[in-house]
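Everything quoted here is computed from the prediction, not taken from an experiment.
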Amino acid sequence: MNTRTVAIALAAFALGELNPLGIVYWRVAESRLPAIKARSLAAPSPFETIPRDQWIAESADAFAVDDVDPQAPVHFLVVPKERVTTLLDAKPELLGQLLGLARDVAAKRAIAADGFRVVINSNPRGAQSVYHLHMHVLGGRQMRWPPG
């Protein structure tokens, strides 16, 4: 690390913008993400085993389900029914369907008017851990920026 990077990090920490434990966690996690990608691609998608009765909504090619580890009062996922690895592999029509379903469920869950966040993690540096494209939709509280 050069002195400029250290100075920026110290200033950000002094201003409360960086969590030192978070930085350590992501440095360690970052080194493991390529292996996580390889394991995820080699295994069946966990989304393919979610029973239909747990879906909260669906469209022709996608479904929505509550997140098992919610990070906000409202946190659901929008997932293609057929495995598409990343955002980069998805056809524009599918992406439109995913966003439409996210919008509809956000309205149904009463977070549309106040606001919500849609997150898609792509590839290792985007912190993707499950290589079956999915959107996180979070709401019900004030979101912060930057997110992570």
Side-chain angles (χ1 to χ4, degrees), residues 1 5 8-9 12-13 15-148:
M1 231 189 275
T5 304
I8 290 170
F13 178 70
L15 295 171
E17 295 297 321
L18 292 177
N19 172 346
L21 293 177
I23 291 169
V24 171
Y25 168 81
W26 280 109
R27 291 285 186 228
V28 172
E30 192 175 67
S31 68
R32 296 181 51 234
L33 288 171
I36 290 169
K37 179 178 182 177
R39 279 195 308 275
S40 179
L41 290 171
S45 167
F47 298 128
E48 295 169 339
T49 61
I50 297 173
R52 194 177 203 112
D53 64 355
Q54 290 183 14
W55 295 3
I56 55 178
E58 73 175 297
S59 65
D61 299 312
F63 65 93
V65 63
D66 286 317
D67 194 291
V68 296
D69 183 26
Q71 302 298 306
V74 176
H75 185 174
F76 61 90
L77 306 175
V78 181
V79 184
K81 290 177 181 176
E82 291 189 25
R83 188 175 192 169
V84 174
T85 307
T86 71
L87 169 72
L88 302 168
D89 302 316
K91 293 182 178 171
E93 300 78 18
L94 177 60
L95 295 174
Q97 210 175 119
L98 294 171
L99 282 169
L101 192 55
R103 176 200 58 210
D104 295 347
V105 176
K108 180 178 168 183
R109 292 287 174 95
I111 60 171
D114 287 339
F116 57 95
R117 177 171 286 161
V118 176
V119 178
I120 301 174
N121 300 324
S122 293
N123 283 318
R125 283 237 160 141
Q128 184 175 4
S129 59
V130 175
Y131 282 79
H132 182 149
L133 172 64
H134 58 286
M135 303 167 86
H136 293 262
V137 181
L138 302 105
R141 67 170 169 81
Q142 180 62 54
M143 298 293 144
R144 294 182 172 190
W145 194 260

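Among residue pairs with one or both ends in residues 74-93, those qualifying as ring pair (Phe, Tyr, Trp, His ring centres under 6.0 Å) are H75-H136; sequence neighbours excluded. Sorted by first and then second residue, the salt bridge (charged side-chain N to carboxylate O under 4.0 Å, His left out) pairs involving residues 120-139 (not counting sequence neighbours) are E30-R125. Applying the ring pair (Phe, Tyr, Trp, His ring centres under 6.0 Å) test to every pair with at least one member in residues 40-69, sequence neighbours left out, gives these pairs: F47-H132, F47-H134, W55-F63.
By the side-chain contact (heavy atoms from CB on, under 4.5 Å) test, D53 is found to be paired with P51, residues two or more places apart in sequence or in another chain being considered. Applying the side-chain hydrogen bond (donor to acceptor under 3.5 Å, both in side chains) rule to K91 yields no partners; only residues at least two apart in sequence or on another chain are considered. With sequence neighbours excluded, no residue forms a side-chain hydrogen bond (donor to acceptor under 3.5 Å, both in side chains) with S40. The side-chain contact (heavy atoms from CB on, under 4.5 Å) check on A90 picks up V84, L94, L95, L133, with sequence neighbours excluded. Not a single side-chain contact (heavy atoms from CB on, under 4.5 Å) links D104 to another residue, sequence neighbours left out. Residues satisfying the side-chain contact (heavy atoms from CB on, under 4.5 Å) criterion with A57, sequence neighbours excluded, are A64, L101, V105. Shown here are the side-chain hydrogen bond (donor to acceptor under 3.5 Å, both in side chains) partners of Q128, two or more places apart in sequence or in another chain: there are none. Partners of D66 according to the side-chain hydrogen bond (donor to acceptor under 3.5 Å, both in side chains) rule, which considers only residues two or more places apart in sequence or in another chain, are R109.
For CZ of R141, the number of neighbouring non-hydrogen atoms (other residues, nucleotides, ligands) closer than 6.0 Å is greater than 12. Atom CD of Q142 has 12 or fewer heavy atoms from other residues, nucleotides or ligands within 6.0 Å. Atom CD of E48 is surrounded by more than 12 heavy atoms from other residues, nucleotides or ligands within 6.0 Å.
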Which atom pairs, one a donor and one an acceptor, fall under 3.5 Å between side chains of residues 115-124 and the rest of the protein, sequence neighbours left out?
from : atom 1 : to   : atom 2 : distance (Å)
R117 : NH1    : R144 : O      : 3.2
R117 : NH2    : R144 : O      : 2.9
N123 : OD1    : K37  : NZ     : 3.0

